[in-house]
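These notes are about the structure you will find just below.
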Amino acid sequence: MLICCGLVTLDLTQVVHALPGPNAKVVALSQNATFGGPAANAAATAAALGVPVRLVTAVGSGVLADVVRAEVAAAGVELVEPVDRAEGAVPPGGASGPAVSTVLVTAGTGERAVVSTNAANRPTALPDGSLLDRVFGPRPKGRDEGEVRDRERDVLLLDGHHPALASAVARRARAAGYVVVLDGGSWKDGTADLLPLCDAVVLSEDFRVPDVPVGRVLDAVAELGPSFVARSRGAAPLELLDKGARSTVPVPVVHEVIDTLGAGDVLHGAFAAGVARGGPWERALEEAAVVASRSVTLPGARGWIRQSGAPGR
């Protein structure tokens with residue numbers, strides 16, 4: 001099975017002809033509201049690919065949070081929330097609702113601009129034995145231990161948000177024999193502590209290690225512990241460093257890009273799903289690149305799921 005730990009957001013997306021300049025207003029061509037976030041989109045991707053998945057995240061409280069919960073469940077993802085949702089549980093200065101991302105997608109290019117609060121002020125309970133027992137509890141309904149194939153592996157995918165929670169979950173996962181994977185979208189507080197706990201890391205093109213030249217990013221990450229490090233570069237081949245050996249993985253040609261929102265999340269979710277099914281690193285990444293490339297040909301991070309009619313709609 002796959003456990004995803006990290007951020008979920010409420011994404012408010014509008015498609016525009018062009019981004020507005022200073023003091024300008026534009027009329028949107030379309031708009032949509034749904035859940036997003038690296039860990040959440042990755043979890044939905046894995047569910048659509050048929051891998052049992054559990055999402056560990058802080059959703060918040062209120063009507064909008066309930067909408068997010070309902071949509072996550074409809075995507076076929078089991079939710080574990082490390083926070084008390086009872087009245088008055090939010091500390092002073094904390095935010096009660098879900099994290100919100102405002103997304104502008106440029107029609108014609110599919111490029112997106114995102115403004116988000118991320119996990120700032122979203123409280124999570126301090127990880128304890130009870131929470132970790134829930135995270136690593138029985139498999140999601142519909143999949144019994146007897147149905148697990150010999151080559152399948154248990155995998156934990158982190159996105160680096162909620163670092164104290166991520167660290168506690170990663171340590172328990174390693175002790176339980178899980179493969180630990182990191183979605184390296186950007187360097188965050190806590191990244192340096194998470195990397196030694198990871199077996200594999202898939203970086204974005206924008207990922208930077210402090211005080212390290214761009215050309216040495218893969219090496220610097222590998223030196224901190226992971227045996228497999230990859231970096232996506234848009235339409236260019238992915239770069240790989242596997243136990244010191246360098247190679248690349250091709251990215252399928254996309255003739256018309258509609259929306260790049262969440263493409264990296266899809267890549268990471270599909271990669272983790274491939275590893276959970278027992279695939280070697282490189283093959284899992286090759287298959288993930290195909291899924292991510294397909295995702296940019298349709299609106300939203302999960303438009304490809306709706307079109308394919310995959311489980312976890």
When rounded to the nearest 0.5 angstrom, what distance separates [atom1] in [X] from [atom2] in [Y]?
X	Y	atom1	atom2	value
Arg54	Met1	CZ	CE	4.0 Å
Leu285	Leu240	CG	CG	5.5 Å
Leu261	Asp11	CG	CG	6.0 Å
Leu224	Leu197	CG	CG	11.0 Å
Phe207	Leu218	CZ	CG	10.0 Å
Asp183	Leu267	CG	CG	8.5 Å

Query raised in the report: Given the rule in the side chain to side chain donor-acceptor pair (under 3.5 Å) test, do Thr13 and Gln31 qualify, once you have shown the distances and angles that lead to the verdict?
Result: CA-CA 5 Å; Thr13 303; Gln31 64 180 1; over 6 Å; no
Report summary line: Heavy-atom nearest pair, Val291 first then Ala270, reads CB-CB, 4.1 Å
Report task. Could you tell me which non-hydrogen atom of Ala39 sits nearest to which non-hydrogen atom of Cys5, and how far apart they are? Result -> CB-C, 3.9 Å
Query raised in the report: Taking only residues at least two apart or on different chains, which pairs with a member in residues 282-295 satisfy side chain to side chain donor-acceptor pair (under 3.5 Å)?
Result: Arg294-Gln307
Report task. Take Glu205 and Arg233, measure what salt bridge (Lys or Arg N to Asp or Glu O under 4.0 Å) needs, and give me the verdict at the end. Result -> CA-CA 5 Å; Glu205 188 173 13; Arg233 299 182 297 162; over 6 Å; no
Report task. Could you tell me whether Arg302 sits above the aromatic face of Phe35, with NZ or CZ closer than 6.0 angstrom to the six-membered ring centre and within 45 degrees of the axis? Result -> yes
Report task. Apply salt bridge (Lys or Arg N to Asp or Glu O under 4.0 Å) to the pair Arg134 and Glu81, showing each step before the final yes or no. Result -> CA-CA 9 Å; Arg134 285 193 291 134; Glu81 296 182 66; over 6 Å; no
Report task. Go through the steps for Asp206 and Ser204 under the test side chain to side chain donor-acceptor pair (under 3.5 Å), then give the verdict. Result -> CA-CA 5 Å; Asp206 298 328; Ser204 74; 5.0 Å; no
